[in-house]
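Reviewing the structure listed below.
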Amino acid sequence: MQYFQTSNKLTAEQKLKLLVEFGTRTSGEIRLDKLLDIIAQQISTMLDVGRCTIYLKDVEKNELWSKIAQGKGLEHTEIRVPLNGNNAVSIVARTGEVLNFPNAYEDPRFSMDVDMVTDFRTHTMLAVPLKNNSGKVLGVFQVANKADGSTFDKNDEGILTLLATLAGSSIEIAKLYQDVHVAQLETIYRLAVTAEYRDQQDTRAHLKNISIISYLLARALGMGTKDSELIKNASPLHDIGKVALADNILLKPGKLTPDEFEIMKSHTIYGGRILEGAHSKVLKIAHKMSLYHHEKWNGKGYPNGLKGENIPLEARIVTVADVFDALTSPRVYKPAFPLEKALQIMEEGSGTQFDPKCINAFLDALPEVKLVLKKYQ
Ligand code: C2E
Ligand code: SIN
Ligand code: SIN
Ligand code: FE
C-alpha cells in the first residue's frame, strides 16, 4: 500500500501520541487492504514524508507487491518487484538490512520504475524490513522525501523499524485471514466445477458469468458490497446438486421426457441436502440458492412451489443470472440464443418466473453485465 502525504508539521508530543495510538489503530483491523492503508497513512504522518510504500512478499511468485493509490486514492494499481532483483526493496526483503539513500537517483540499487508509474520524484529514501514475531521477513516499509528536505537519520531508521515491528503481527494475522478466505473461495469454486463440468461446455466461463451477474444484480438491488460479495461467492454452487444426476439425464442431447425431467428437478433437493446445516455465511446462502433457484415468482416452480417473497432473495437473484446465462449459452439440448431473444424471454418472465424487482435490477445492470461478460466483447 502506498500513501502520499501533503505535509503537515507535527509537534514531538503529537508524534508520540500517534505512536502510542498506532498499536490500537492497527490491531483491530483484519482486512489486509484496509490495514495496510491505515499503516501507510500513519507512517507518512508520523515521519512527515512525501510517500510511504508497504511491500509484502508473495512467496509463491517470488515477488514483492504493493498497491498504489492512483488519482486521489480511488483506483488501486498493483505494482510488483522481483524478490531476487537488485533494487533497494528487494535487497531489504532478502537480507533484512536497512537501506538509507540520501540521494536515491544516484544509487544504482534504486529503481525508478515506481516513480515513473506514479509521477513522483524520490530524493531521499529509507527502507526497513517488516518482520513477524519470530523474525521472518514479511515485506518492506519504504518512505521517501522528508517534508523538511533533510536526509533520513538514525532516529528515523529507529522509528520506522519500531513501526515495522509494531505492525508485523497485525499484518501477519490479516494475511492469514486473507489466505483462509482465498482458500475457502477456491474450495467453493472447485466444488462448483465438480458439479458443472459434465454438462457445461465452458464451466469456467459459466461459473464466472453467474457470479458476475449475481453480484451486479445484488448491487443494482441496492445491497451493500459485503452482502453482494457473499452472493457472488455463493452463486457458483447453485447447481451443486447436479453431482447426483446420472449422465443419461444430465447429458441427454435432446429433450427430456417428463419422467426424466422429474429426476432432473431433484438436483435442487440434492443441492439442499449437500449444503444443509452449513455454518459459514457463504454456504448458508449457497444452501438457499441450490435449493430454491428453480422456484418461480408465481409459485409454479420446484421443488416446493414457493411463491413471491417466500422465495429467498438470494435464490431469486441467482435464478435471473442462471436463466440468462442458460439462454445465452449453448447447452446439449439447445443452441445459444442471440441477446435480443434472451432479453425478450427474461422480460416476458417478469412477474411469472422472475421477481419483477430482480428483472428491473437486471435491466438496470445490463450495460455493465455486457461490459464484463467475455461473450459480449
Ligand atoms: P440449464 O440448461 O442451465 O437451464 C437453467 C434454466 O434456464 C432452465 O431451468 C430454464 O428455466 C431456463 N432455460 C434454459 N433453456 C431455456 C429455453 O430454451 N427457453 C426458456 N424459456 N428457458 C430456458 P429448467 O427448465 O428447470 O431446467 C433445469 C435444468 O434441466 C437445465 O439447466 C438443464 O440442465 C436441464 N434441462 C432442461 N430442459 C432440458 C432438455 O430439454 N434437455 C436436456 N438434456 N436437459 C434439460
Ligand atoms: C526500489 O526500491 O528500488 C524499487 C521500488 C521503488 O522504486 O520505489
Ligand atoms: C446451470 O447449469 O447454469 C443451471 C442449470 C440449472 O439451473 O439446473
Ligand atoms: Fe439448476
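Indexing begins at 1, ligand by ligand and atom by atom, following the structure's order. Starting from 1, each residue takes its place in the sequence as its number.
In the hydrophobic cluster analysis, where Ile, Leu, Val, Met, Phe, Trp and Tyr join through side-chain heavy atoms closer than 4.5 angstrom, L371 is grouped apart from F324.
Residue F337 has at least one heavy-atom neighbour below 4.0 Å for each of these atoms of ligand 1: 17 (C), 18 (O). Within ligand 1, counting atoms from 1 as listed, the ones closer than 4.0 Å to a heavy atom of K334 are 15 (N), 18 (O). Atoms of ligand 1 found under 4.0 Å from any heavy atom of L327 (numbered from 1 in listed order, with element): 16 (C), 17 (C), 19 (N), 20 (C), 22 (N), 23 (C). Interface atoms of ligand 1 facing V323, defined by a heavy-atom separation under 4.0 Å, are 6 (C), 7 (O), 11 (O), 12 (C). Taking a cut-off of under 4.0 Å to the non-hydrogen atoms of Y302, the atoms of ligand 1 that pass are 24 (P), 26 (O), 27 (O), 28 (C). Close approach of ligand 1 to I345 (heavy-atom distance below 4.0 Å) involves ligand atoms 21 (N).
The closest side-chain donor-acceptor pair between H267 and H238, if any, does not fall under 3.5 angstrom. Side-chain polar atoms of N100 and E157 form a donor-acceptor pair below 3.5 angstrom. Between S90 and R109, the side chains place no donor N or O within less than 3.5 Å of an acceptor N or O (distance only, hydrogens not considered).
Here the shortest heavy-atom pairing between G351 and W297 reads O-CD1, 3.2 Å.
Contacts between H294 and ligand 1, counted as non-hydrogen atom pairs separated by less than 4.0 Å, involve the side chain only.
Remark: ligand 1 and G254 share an N or O pair separated by less than 3.5 Å (distance only, no angle test). At under 3.5 Å, not a single nitrogen or oxygen of H267, backbone or side chain, sits near a nitrogen or oxygen of ligand 1.
The NE2 atom of H294 and the OD1 atom of D239 subtend an angle of 170° at the Fe ion (ligand 4), given to the nearest 10 degrees.
Backbone or side-chain N, O or S atoms of H238 do not reach the Fe ion (ligand 4) at under 2.8 Å.
Scored by the side-chain hydrogen bond (donor to acceptor under 3.5 Å, both in side chains) test, E368 finds no partners at all (sequence neighbours excluded). Residues that satisfy the ring pair (Phe, Tyr, Trp, His ring centres under 6.0 Å) test with F152, not counting sequence neighbours, are absent from this structure.
The closest approach between any non-hydrogen atom of K242 and ligand 1 is below 4.0 Å. Within the structure, ligand 1 has Q353 among the residues with a heavy atom less than 4.0 angstrom away.
Checked for salt-bridge contact, K67 and D33 meet the test: a charged N lies under 4.0 Å from a carboxylate O.
Taking each of H206, R331, K296, K252 in turn, the one with a heavy atom nearest to atom 3 (O) of ligand 1 proves to be R331.
For the pair R316 and F354, the cation-pi test (distance below 6.0 Å, angle within 45°) is failed.
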